[in-house]
Amino acid sequence: MASDPGLLRLTAGLRIVAAIGLTLAVLALLGTDVTHMVAGAMSAMVSTFAIREKNLRGQAITLAWGFPVALAAVTLGALLHSKVITGDLFFIALIFGAVYFRRFGDRGTALGLMGFQVYFVSLFVNATTDQLPILAGTLAVAFGCSAVARFALVPETPQRVLDRLRGAFRARLAQLVTAQTRLLDAAPQDLDDVLDDLRHHTSRLHETALMIQGRLEDGARDAATASLIQRRIADAEVSAERLGMLLLNARSAERADTLTLHLPHAPAPAAGKLLRHEDESTATLRRDLGALHLMVTRPAEANRGTAVSQIRNRLLGYRDEERMPPGATLAVQDVFRGIGEAARAVMGLRIALDGPQDESDDSPATTRSREELEAEDMSITGTVALAATDKEADEEEDDRSGLHRPTTRAAFQVAVGSGLAIVGGEFLSSQRWYWAVLTCWVVFLNTASTGEIVIKGYRRVLGTVLGVLAGVLLAGAVGNHTWVAFVLVLLCVFAAFFTAPLSYALMSFFVTAMLGLLYTLLNTYSFDVLVLRIEETALGAACGIIAAMLVLPVRTDSRTDELLATVLERLGDVVAGAVEQLSGGPAADLLDRARDLDTALDDLRASTKPLTHAIAPQRERRQTVRYLVALLETSAYHARSLAATAELVPYSKHVAADPRLGRAARRIAHNIDVLVAQVNDENLTGIVESGASIAAMLETDGLGVPAANTVTFRVLRHLQRLDEGISGLARPLGVTVGPRT
């Protein structure tokens, strides 16, 4: 459940295998020959994986429209079988249209994909006009079996996916707590490895939170329930990440930088003597981390009884300074408070997901936590309408038109690249040229810049080379055993789609191995054919890269700059809204703003992968990009924490508005504006301001700095880290930093 959140990869693989297997069984009963069984299997695969809509009604409509589109594609493929030039021109036009229609969302993308892939199937089996009746029947069987597999054999509803994602979040939260416990006990020489593991599990938890966010609209019962789940997931994520930071700080010789948790392979801070294994506080801390792990993993139906209540009461007591172990340092006390906050978040998550809990053995601290959660729940219900209004106001249409629209640009690029692939592929082989076109098409899927296309092409070629070797071995082992070959084909299909989100190279490996088996079934297998597959794949990747570089190119730098500006703007929105509410301003839907920030940051992280890939030539640039993304992730963490705290202001007895915070955050807002102007290449000259700490700025008001361990003090610490993070972005972005005042 933790390795495959929502079981999305497993479900996708099983559904495709079920559709193909059912299609083969029906066609075999109808006495269909092997060639048309292969065509049916490939059509069933396409009609199943092309549909990406989340609700069942949309899936059914797309599948229904897909059949006439596929029938038209295979008919034209058969009619143009002997007309080489006309067929090639039509193929290019079809490719252009398939990419262009992505502008119409998931349905347009699916129908375009079906049209292209089924036309490709007609080329693969050398379809002719006299085969059209049986090919039409084969398509009907394939689409019917795809529907049965989707809606009956391997059904999937938005509600069921959301339920499984909740379970995945709990599982990954438990894994993160386990990693934090290892951080507590790690020897100094093992600290770097343990810290890398902690970063990994923190990132995985955040990934699952984003996946839940994307499924709430379709999977939740109503808007109020969706908002409640979103709030509780955010609380748990923020408190868990903060607990890891507090643990790292407690076992360090000096205060650890938050950046350490987000910068890959950053060295661990020097170990100090704040935690000694023989101390009572350390033993208690280890025990309470185990108790927190139990709270996370214990099933709802088993989460009753005096022992469980005592564990919960003890952990929640740390929120009110109760039963702090004697002799614990301030840093260790912070960890205990962090455990208390994490326990409160876990209890809130339990209530939101599993309903009311047993309250018979509650301590006063637990009762207060429940009252706070109930007050928050009531406020969430009251602000759902406001959140919907804000969301509608924030949504913006893509106002780019003509050649500036991404789908239009990509359509021209892939059409030109496919034309080159057809010409070059014909020189290599007049029978297998379409493999080059397929590769050119594939490298443009889900890519937005030249760098992404280069990396995808490289992975495609690598997976193909290794897949050819596997195909040689499998074809030799199968021989003339047809059904053994079909079973192995199904295994390769499952493996390809199960691993696709993890590694495109692995997917290409299994697809190529499958093709070796298909050629065996069609009695056209030879080692020369698989070598030709490598040559055509390399040619197609090269044509795609050339087209991306020469036809309306989108440089990786331009793409990342655009996304970087978006991230900074979203960061500014979250910080401004949180500070305004913490200063006594009106309530706003801060968690939605925080999730918009996370989504933008996730897009930026994906776009920088070509710059940080091992084959990227500039090592210093790779390090700079990693550092910049880590700074943004650190800033986003502090912004999420501010947003979560700010949303407590209207109804919490422990969090009060402080008007001074608005003045303290002005420098952050100014510096973000300067960075955005620099990234957008505007003709503006700005300087990032630096100076006294945020706390010192408040002290000048004559009211003093809030006491340590108060919520206001924590807010100041987040603002200070944000101020430092924004200033730290100035150097890699080439912005001047003003002198300290």
Side-chain angles (χ1 to χ4, degrees), residues 1-11 156-183 197-216 219-221 225-244 247 288-305 307-309 311-312 315-316 338-358 366 369-370 373 376-377 591 595 598 640 644:
M1 186 173 290
S3 64
D4 182 14
L7 302 182
L8 296 177
R9 290 186 288 119
L10 178 65
T11 303
E156 182 183 85
T157 64
Q159 295 78 14
R160 188 176 301 173
V161 172
L162 183 58
D163 286 341
R164 291 199 296 255
L165 284 173
R166 295 167 182 173
F169 185 86
R170 285 176 176 168
R172 288 191 166 182
L173 180 58
Q175 290 179 338
L176 178 57
V177 174
T178 300
Q180 291 169 346
T181 306
R182 288 199 294 270
L183 177 65
D197 190 47
L198 183 64
R199 293 187 190 105
H200 172 68
H201 286 294
T202 301
S203 175
R204 280 160 57 92
L205 183 69
H206 181 61
E207 175 192 21
T208 312
L210 284 177
M211 294 175 71
I212 291 175
Q213 172 70 16
R215 298 278 179 167
L216 282 175
R221 185 172 59 253
T225 302
S227 295
L228 180 60
I229 294 173
Q230 179 183 2
R231 169 74 207 199
R232 297 299 165 230
I233 292 290
D235 279 347
E237 182 189 356
V238 169
S239 63
E241 190 167 355
R242 179 170 178 265
L243 179 57
L247 273 166
D288 287 338
L289 284 171
L292 179 63
H293 185 276
L294 179 65
M295 283 188 65
V296 174
T297 57
R298 194 173 179 87
E301 60 273 12
N303 201 27
R304 300 178 182 273
V308 176
S309 299
I311 289 173
R312 182 185 61 221
L315 299 186
L316 290 172
I339 290 177
E341 293 294 338
R344 177 191 181 276
V346 171
M347 184 172 73
L349 192 62
R350 284 278 188 191
I351 295 173
L353 300 184
D354 302 323
Q357 309 290 298
D358 183 13
T366 303
S369 294
R370 287 191 191 278
L373 292 170
E376 293 175 20
D377 293 350
L591 285 182
R595 286 308 176 198
D598 289 334
R640 286 196 301 271

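The analysis underlying the following values was restricted to heavy atoms, covering all of them including side chains, and did not include hydrogens, waters or symmetry mates. Heads up: numbering here begins at 1 and tracks the sequence.
Atoms CG and CZ, on L353 and F169 in that order, are 9.0 Å from each other to the nearest 0.5 Å. Here the CG-CG distance, from L216 to L162, works out to 5.5 Å after rounding to the nearest 0.5 Å. Annotation: the span from E237 atom CD to I212 atom CD1 amounts to 9.5 Å, rounded to 0.5 Å. Rounded to the nearest 0.5 Å, atoms CG (D197) and CD (Q180) are 11.0 Å apart. To the nearest 0.5 Å, the span separating CZ on R166 from CG on D354 amounts to 8.5 Å.
Between L7 and E156, every side-chain heavy-atom pair lies at or beyond the 4.5 Å cut-off. Taking the side chain as every heavy atom from C-beta outward, L173 and V346 approach each other to under 4.5 Å. Between L205 and Q175 the shortest side-chain heavy-atom distance does not fall below 4.5 Å. Contact check for I233 versus Q213: no side-chain heavy atoms found under the 4.5 Å cut-off. A 4.5 Å side-chain heavy-atom check between R370 and T366 finds at least one atom pair inside the cut-off. Counting only heavy atoms from C-beta outward, the side chains of L198 and L176 approach each other to under 4.5 Å. In this structure, R172 and E207 have side chains that are in contact, with non-hydrogen atoms separated by less than 4.5 Å.
Annotation for M1 and G167: closest pair SD-C, 3.3 Å, computed over non-hydrogen atoms. Pairing each heavy atom of L292 with each of A342, the nearest pair is CD2-CB, 3.9 Å. Taking all atoms of both residues into account, the shortest heavy-atom contact from G340 to L316 is O-CD2, 3.9 Å. Taking every heavy atom of both residues into account, D598 and R640 meet most closely at OD1-NH1, 2.9 Å. The minimum heavy-atom distance linking A644 with R231 is given by the pair O-NH2, 3.1 Å. Considering every non-hydrogen atom in both D4 and R9, the closest pair reads OD1-N, 3.1 Å.
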Intermediate values then yes/no, side chain to side chain contact (heavy atoms under 4.5 Å, CB included), D235 and L349:
CA-CA 8 Å; D235 279 347; L349 192 62; over 6 Å; no
Let me see the working for I351 and R232 under side chain to side chain contact (heavy atoms under 4.5 Å, CB included), right down to the final yes or no.
CA-CA 9 Å; I351 295 173; R232 297 299 165 230; over 6 Å; no
What's the verdict on side chain to side chain contact (heavy atoms under 4.5 Å, CB included) for V161 and T11, showing C-alpha distance, side-chain angles and the deciding distance?
CA-CA 10 Å; V161 172; T11 303; over 6 Å; no
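Residues satisfying the side chain to side chain donor-acceptor pair (under 3.5 Å) criterion with E341, sequence neighbours excluded, are R319. Scored by the side-chain contact (heavy atoms from CB on, under 4.5 Å) test, T297 finds A174, H293 as partners (sequence neighbours excluded).
A salt bridge does not link R160 with D163: every distance from a Lys NZ or Arg NE/NH1/NH2 to an Asp or Glu carboxylate oxygen is 4.0 Å or more.
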